[in-house]
Amino acid sequence: MTRAFNFSAGPAAIPTEVLERAQKELLNWNNYGCSVMELGHRTPDFQGILDNTEASLRKLLKIPANYKVLFMHGSASHQFSMVPMNFLAPNETANYLEMDHWSKMCIKEAKRFNDIHVEQGVRTNSDGLLELVPEDEWKLDEKGKYLHFTSNETIVGIQFQDDPNRFAGKLVSDMCSDILSRPIDIEKYALIYAGAQKNIGPSGMTVVIVREDLFDSFQTERVPALFQYPYVSDKGSMPNTPPSFGIYFAGLVFEWLLERGGVEEMHRQNLEKANLLYDFVDQSDFYHSPVAKGSRSFMNVAIQMKDRTKEERFLAEAREQHLIALKGHKTFGGLRASIYNAMTLDGVKKLIHFMERFERG
Ligand SMILES: *Cc1c(COP(=O)(O)O)cnc(C)c1O
């Protein structure tokens, strides 16, 4: 059996070494006589797993002690509602950068709760390419309690290359598709969230990093307990049965990252993989990138073919070469290669060779 090179945007590729380890431990975890899925979450053993997972994440992202790490049920989309529910009293406001699909979904949810200020974060430049609006051009409401932005727009492949400076200390970010892909300056953030299924592990769990001193200002009126960050934090991410397999699995991925030099080394490798692919696309007359240099994602590389009628054949032939899930999102079309931490340089080289051969016909 061949494991393909999986370019899926999410749920995405998981390092083979991690899957092998989980497989090895599946029936009998740590000689306990059962699998992690069958282990009571109130046992000292499971508490050990949770503590190790958190410690590894703290080490990887250099999370200061005054920030809490929460492993929560559900998806990133739940956080679209939880952020305004916790941060904003009925008469308060916040800034939202509108970029593409995910930030639009997030803005739609926030508007259910509050009157928020929306600012454009993306525009089309004179060459018809998408680019980030430079932060000194953002018109923000200074009364806003936070500035929410999507650090990497997964569908169109547009990414902040660094943490913004505006609203430093009051940034809230959806980092679903680029958490752990580069070092981040945590202290610029009030809260960061990321669903697990792109760069962390299986779907169904979301990681939240939140500054603890904000807890006193959070809303509790009419907010369900399980949706209150302070409550979940107070209960050590276990107000009820946690997503225990997801927490265990994330711990394995974090260990894998630490063994390989952490996020600094991942960042270097991610840039190497992305540059190789973008350089190839740029020199070709057959493919092109819809995103301007300087705004391009090194996690999700959107690629368009000049002749769009060849897309279906491209995808079918790629699949025969064990290069899977290269179809762009239905709302944007074209091709997309998601090259998260688990995608190897080898996989990217194989994709480029295939693209070269396909171009020659
Ligand atoms: C995938 C993704 C989401 C949605 O994640 P769910 O867990 O399915 O809700 C939100 N934001 C970004 C940037 C994403 O890439």
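In each ligand, atom 1 is the first atom listed, and ligand 1 is the first ligand listed.
The protein atom (non-hydrogen) at minimum distance from atom 11 (N) of ligand 1 is Asp174 OD2, 2.6 Å. The protein non-hydrogen atom at the shortest distance from atom 9 (O) of ligand 1 is Ser77 OG, 2.5 Å. Regarding atom 15 (O) of ligand 1, its nearest protein heavy-atom neighbour is Thr154 OG1, 2.4 Å.
Here the shortest heavy-atom pairing between Ala9 and Lys198 reads O-CG, 3.1 Å. Heavy-atom minimum distance, Asp178 versus Met299: CB-CG, 3.8 Å. Taking each heavy atom of Pro164 and Trp138 in turn, the nearest pair found is CB-CH2, 4.0 Å.
In the displayed structure, Asp115 atom CG is contacted under 6.0 Å by at most 12 heavy atoms of other residues, nucleotides or ligands.
The only member of Phe80, Phe87, Tyr96 that meets ring pair (Phe, Tyr, Trp, His ring centres under 6.0 Å) when paired with His148 is Tyr96.
The closest approach between a heavy atom of Ser75 and any atom of ligand 1 is below 4.0 Å.
With ligand atoms numbered from 1 in the order given, ligand 1 contributes 5 (O), 6 (P), 7 (O), 8 (O) to contacts under 4.0 Å with heavy atoms of Gln197. Near Thr150, the atoms of ligand 1 lying under 4.0 angstrom from a non-hydrogen atom of the residue are 13 (C). For ligand 1, the atoms sitting less than 4.0 Å from at least one non-hydrogen atom of Lys198 are 1 (C), 2 (C), 3 (C), 14 (C), 15 (O), numbered in the order shown with element in parentheses.
Looking at Asn152 against ligand 1, only its backbone comes within 4.0 Å, counting heavy atoms.
Geometrically, Lys310 does not engage Phe314 in a cation-pi contact, judged by NZ or CZ lying under 6.0 Å from the ring centre and within 45° of the ring axis.
Between the side chains of Asp45 and Asn30, not a single donor N or O lies within less than 3.5 Å of an accepting N or O.
Between Ala76 and ligand 1, a contact under 3.5 Å exists for at least one N or O pair.
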